[in-house]
Amino acid sequence: MTVICAALLAAGCGGGGSGGSNTTAPPGGGTNGGGTPKKATAPNAPAGSKVVDCKESAATVEGLRATAVDCGTARATMLRWGRAGACDLAANASRGSCSIDGFRCQAVRVDKGVAVSCAHPGSDVAFVAKRQPAG
């Protein structure tokens with residue numbers, strides 16, 4: 001048994017040692033001044049908010065979701081994004097951004113089209129704008 005324990009310690013299993021950490025505690029002891037670890041929080045969502053799946057029947061969009069805004073606001077933001085020429089991605093661009101009615105939108109090309117996330121202080125709208133078939 002001693003040989004097994006020694007082998008495990010030599011291999012680095014079980015002991016403290018150096019290495020990375022996957023905790024959310026900040027550097028400097030992991031406390032926020034009061035002796036308790038800080039907790040990770042979502043930067044855009046206010047306390048008690050939840051993500052709502054807004055059913056969208058448009059053939060050009062999927063996965064319309066809203067956080068801390070109603071689905072009507074989410075749909076309006078999505079439609080404005082689609083009509084805003086400033087939000088179009090350049091032909092070879094993989095990412096882009098624009099502003100729409102107080103929302104800051106980030107767009108990234110994905111297999112299905114363009115994944116879009118529009119954030120406003122305390123709220124978020126997200127969707128995928130599907131690619132149109134060629135021809």
Side-chain angles (χ1 to χ4, degrees):
M1 185 65 156
T2 305
V3 174
I4 293 173
C5 289
L8 289 174
L9 287 175
C13 298
S18 63
S21 172
N22 290 330
T23 65
T24 59
T31 63
N32 60 8
T36 58
K38 285 187 178 181
K39 294 183 180 179
T41 58
N44 293 333
S49 67
K50 64 179 181 175
V51 176
V52 176
D53 184 4
C54 301
K55 303 297 181 200
E56 188 56 43
S57 60
T60 58
V61 175
E62 76 176 37
L64 178 61
R65 295 180 314 274
T67 305
V69 295
D70 59 80
C71 286
T73 300
R75 280 187 191 89
T77 302
M78 175 194 66
L79 291 172
R80 286 185 191 112
W81 181 88
R83 287 183 278 210
C87 295
D88 289 341
L89 293 179
N92 293 325
S94 62
R95 300 174 185 271
S97 63
C98 64
S99 293
I100 300 171
D101 297 335
F103 282 88
R104 185 69 183 158
C105 299
Q106 303 285 324
V108 178
R109 283 198 203 280
V110 294
D111 287 340
K112 293 182 179 183
V114 179
V116 180
S117 177
C118 298
H120 182 273
S123 60
D124 182 70
V125 174
F127 57 93
V128 174
K130 294 181 189 177
R131 286 192 180 125
Q132 295 299 313

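The minimum heavy-atom distance between Ala68 and Gly122, with the atom names listed, is CB-O, 3.1 Å. Between Ser117 and Asp124, the shortest heavy-atom contact is OG-OD1, 3.1 Å. In this structure, Ala74 and Ala66 approach most closely via the heavy-atom pair CB-CB, 3.8 Å. Shown here for Ile100 and Cys87, the closest heavy-atom pair between the two residues is CD1-SG, 3.8 Å. Annotation for Ser97 and Arg104: closest pair OG-NH2, 2.9 Å, computed over non-hydrogen atoms.
Here the two cysteines Cys71 and Cys54 have their SG atoms closer than 2.5 angstrom.
Side-chain contact between Val69 and Val52 is absent, with no heavy-atom pair separated by less than 4.5 Å.
Remark: aromatic rings of Phe103 and Trp81 are distant, center separation not under 6.0 Å.
In this structure, Arg109 contributes its side chain and Ala93 its backbone to a donor-acceptor pair below 3.5 Å.
Within a 6.0 Å sphere centred on CG of Asp53, other residues, nucleotides and ligands contribute more than 12 heavy atoms.
Listed by first and then second residue, the salt bridge (charged side-chain N to carboxylate O under 4.0 Å, His left out) pairs involving residues 65-80 are Glu56-Arg75, Arg80-Asp101 (not counting sequence neighbours).
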Margin query: Checking Cys118 against Cys105 for the disulfide bond (SG atoms under 2.5 Å apart) test, could you report, in this order, the C-alpha distance in whole Å, the side-chain angles of both residues, the deciding distance, and whether it holds?
Written below: CA-CA 4 Å; Cys118 298; Cys105 299; 2.1 Å; yes
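Cluster membership check: Leu89 shares its hydrophobic cluster with Leu79, using side-chain heavy-atom separations under 4.5 Å among Ile, Leu, Val, Met, Phe, Trp and Tyr.
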